[in-house]
Amino acid sequence: MARKATIIGGGVIGGGWAARFLLSGWDVSVYDPDPEAPRKIGEVLANARAALPALADVPMPPEGRLTFANNLKDAVEDSEYIQESVSERIELKHRVYAEIQAHAPDALLGSSTSGYKPSQLQEKSTNPEVLFVAHPFNPVYLLPLVEVVPSPKNDLQRIEEAKEILREIGMYPLHVRKEIDAHIADRFLEAVWREALWLVKDGVATTEEIDEAIRMGFGLRWGQMGLFDTYRVAGGEAGMKHFMAQFGPCLSWPWTKLMDVPEFNDELVDLIAGQSDAQSGHMTIREMERIRDQNLIGFLRVLKERNWGAGKVLLDHDARRAAEAPAAKLPALDAPLLLSHMQVLPGWIDYNGHMTESRYLFASSEVTNAFLGLIGAGLDYVAAGRSYYTAESHIMHLGEARLGDALTGSVQVLGADEKRLHLFMRIERDGAPVATIEQMLLHVDTVNGGTCPVAPEVLAKLQPIVTAHAALPQPKDTGRYVGQRKSR
Ligand SMILES: NC(=O)C1=CN([C@@H]2O[C@H](COP(=O)(O)OP(=O)(O)OC[C@H]3O[C@@H](n4cnc5c(N)ncnc54)[C@H](O)[C@@H]3O)[C@@H](O)[C@H]2O)C=CC1
Ligand SMILES: C[N+](C)(C)CC(=O)CC(=O)[O-]
């Protein structure tokens, strides 16, 4: 039988919790007096179904069962874990806890509160041992962080139990050891928020300029390395102490409106540098730089695929470069056409530590797409209702590619007529073969369906390449099929 979680308050955050538990295979009962709550949760759930599985490379468990309770007593019955996500008002939260604990006094009870300390939440509780802060981040179904904050009144064994449940639903419980208003993360968000409000109010920057300042630069860095490791790397080989020596004095300069800053003395430098050593002293700065760079490349590739933020800048830059390039100059035809330069990215690596098999085909597609662009069958051609579809592929995996490897992709045209295009791609690293991919593509009418003759202007560009490539040595691996040699 599936385990049961109860969500009290089905707004933005409660909906996200419900989705995360359901998609992790838990049954979920929601209580929210708002008649619109089922619709809202249905919409959040639809988004979560489209998003969370994309992060998984193993099958997801069967989705749990969602029910809406008419009262709080029914909602909490037989529940292993209860998450409160009602509005941020302490008297409302106190009333809700009193009712929950009247019916389920021993159940683990996490609160999504953004700012209240657990001891404030526990003030009127009949069982403070099980009531704690479990502060998530929006969207709860995608972001792993949940700040788990106990007070001295909590039973730490039960807190460990709660953290285990949160891990089981794919979250990262960060145990906040000292309770404090707004926990850890919201203190940062609040400091940045206040500074941003000042910048806007003083007419220094618009909201858009502030968002660009974040998402074009340090926001990307923070997302993959946090604050202290980012600054450790920025200190160069001399690391954190050098960074602090260089930028420590800024603390007494008017670099922020929040001028109540700690005294910048040796004690603070040693404290920060010592903790930074303990955190990351096992890696060299160069290693950290490489990790940072690979992470940033991964982020930026994703943003580029989405044509969003810094990724849109990359796409626009590509388009500008393409427009500035001398018009469709055909590379020399006395060799296969070298058309693609690629780098093996973190998301291309599999559990064997090398490039995963699907990326061999992906690398080949990069070459094919570049080739189709070259002969005038690129995206404009596709938009006009004509395209090439791949009908058959034969991949030979000839070498391993590792994270960060630079790959090239070339194509040799083996043959073409009005409807068929027979290509042979080579993916290489430092001139050594990584893969060959032989493909047959068919020219199709994407509006009416079925094959159709290629446009004469495309054929005109294709034909000289076919003729020139016919004179090249034919690859020995063409026409291969998958089979075993018969033993005699
Ligand atoms: N919105 C955000 O970005 C984040 C909010 N939080 C915290 O999550 C909690 C909920 O915030 P949101 O979801 O944003 O608010 P929301 O306004 O979207 O949802 C609150 C829900 O509580 C329901 N509610 C009110 N009284 C209730 C009761 N007696 N019993 C059951 N349900 C009741 C309301 O009908 C509403 O659907 C707050 O404590 C907030 O600080 C935490 C992380 C992020
Ligand atoms: C604005 N906020 C204080 C409600 C933000 C949070 O609590 C966390 C988040 O998701 O940003």
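In each ligand, atom 1 is the first atom listed, and ligand 1 is the first ligand listed. For reference, positions follow the sequence shown, starting with 1. When reading the values below, keep in mind they use all heavy atoms of this one structure, side chains included, and skip hydrogens, waters and symmetry mates.
Shortest contact from atom 1 (N) of ligand 1 to any protein heavy atom: I13 CG1, 3.9 Å. If you check which protein heavy atom lies closest to atom 17 (O) of ligand 1, you get S87 OG, 4.5 Å. What sits closest to atom 10 (O) of ligand 2 on the protein, heavy atoms only, is N138 N, 3.0 Å. Looking only at protein heavy atoms, the nearest one to atom 26 (N) of ligand 1 is L92 CD2, 3.8 Å. Closest to atom 19 (O) of ligand 1, if we only count protein heavy atoms, is G11 CA, 3.3 Å. Nearest to atom 9 (C) of ligand 1 among the protein's heavy atoms is V86 O, 3.3 Å. Given atom 9 (C) of ligand 2, the protein heavy atom at minimum distance is F137 CD2, 3.5 Å. The protein non-hydrogen atom at the shortest distance from atom 6 (C) of ligand 2 is D186 OD1, 3.3 Å. Atom 39 (O) of ligand 1 has E88 OE1, 2.5 Å as its closest protein atom, hydrogens excluded (heavy atom only). Counting protein heavy atoms only, atom 15 (O) of ligand 1 is closest to V12 N, 4.7 Å.
Distances shorter than 4.0 angstrom do not occur between any heavy atom of E88 and any atom of ligand 2.
Heavy-atom contacts from other residues, nucleotides or ligands closer than 6.0 Å to CD of Q157 number 12 or fewer. Around atom CZ of R167, more than 12 heavy atoms belonging to other residues, nucleotides or ligands sit under 6.0 Å away. Dense packing is recorded around CD of E91, with more than 12 heavy atoms of other residues, nucleotides or ligands lying under 6.0 Å away. Counting non-hydrogen atoms of other residues, nucleotides and ligands closer than 6.0 Å to CZ of F137 gives a total above 12.
The N/O atoms of I8, backbone and side chain alike, include none that comes under 3.5 Å of an N/O atom in ligand 1. By the 3.5 Å distance cut-off applied to N or O atoms, E84 is not counted among the residues near ligand 1.
Inspection of the S151 and E179 side chains reveals no N or O donor paired with an N or O acceptor under 3.5 Å. Between S340 and E366, the side chains place no donor N or O within less than 3.5 Å of an acceptor N or O (distance only, hydrogens not considered). No donor-acceptor contact under 3.5 angstrom links the side chains of Q101 and D106, judged on distance only. Remark: the E88 side chain and the T113 side chain contain an N/O donor-acceptor pair separated by less than 3.5 Å. Looking only at atom types and distance, the side chain of Q83 has a donor-acceptor partner in the side chain of S112 under 3.5 Å away. Residues Y97 and E99 bring no donor and acceptor atom of their side chains to less than 3.5 Å of each other.
Atoms of ligand 1 lying under 4.0 Å from any heavy atom of P136, numbered from 1 in the order shown and given with element: 43 (C). Here is the list of ligand 1 atoms found below 4.0 Å of a heavy atom in K93: 38 (C), 39 (O). Shown in contact with S114 at under 4.0 Å from a heavy atom are these atoms of ligand 1, numbered in order with element: 5 (C), 6 (N), 7 (C), 40 (C), 41 (O), 42 (C), 43 (C). Less than 4.0 angstrom separates some heavy atom of T113 from each of these atoms of ligand 1: 39 (O). Of all atoms in ligand 2, numbered sequentially from 1 with element shown, those under 4.0 Å from a heavy atom of L189 are 11 (O). Residue-ligand proximity, V96 to ligand 1, at heavy-atom distances under 4.0 Å covers atoms 29 (N). The H135 neighbourhood of ligand 1 comprises atoms 42 (C), 43 (C), with distances under 4.0 Å to a heavy atom of that residue.
Heavy-atom proximity to atom 7 (C) of ligand 1, evaluated over S112, G115, S85, is greatest for S112. Among D32, D34, N138, the residue whose heavy atom lies closest to atom 37 (O) of ligand 1 is D32. Checking S112, S114, P136 against atom 2 (N) of ligand 2, the nearest heavy atom belongs to S114.
Taking the six-membered ring for Trp, W17 and Y141 have ring centres at least 6.0 Å apart. Y231 and F247 have their aromatic ring centers separated by at least 6.0 angstrom.
Under 4.0 Å from ligand 1, heavy atoms of Y31 appear from its side chain as well as its backbone. Contacts between E190 and ligand 2, counted as non-hydrogen atom pairs separated by less than 4.0 Å, are absent for every part of the residue.
No donor-acceptor pair closer than 3.5 Å links the side chain of D27 to the backbone N or O of G64.
Per-atom contact check: atom 41 (O) of ligand 1 touches the protein, criterion being a heavy-atom distance below 4.0 Å.
Taking the centre and axis of the six-membered ring of W26, the NZ or CZ atom of R20 falls outside the cone set by 45° and 6.0 Å. Cation-pi geometry between R359 and F362 is met: under 6.0 angstrom from the ring centre, within 45 degrees of the axis.
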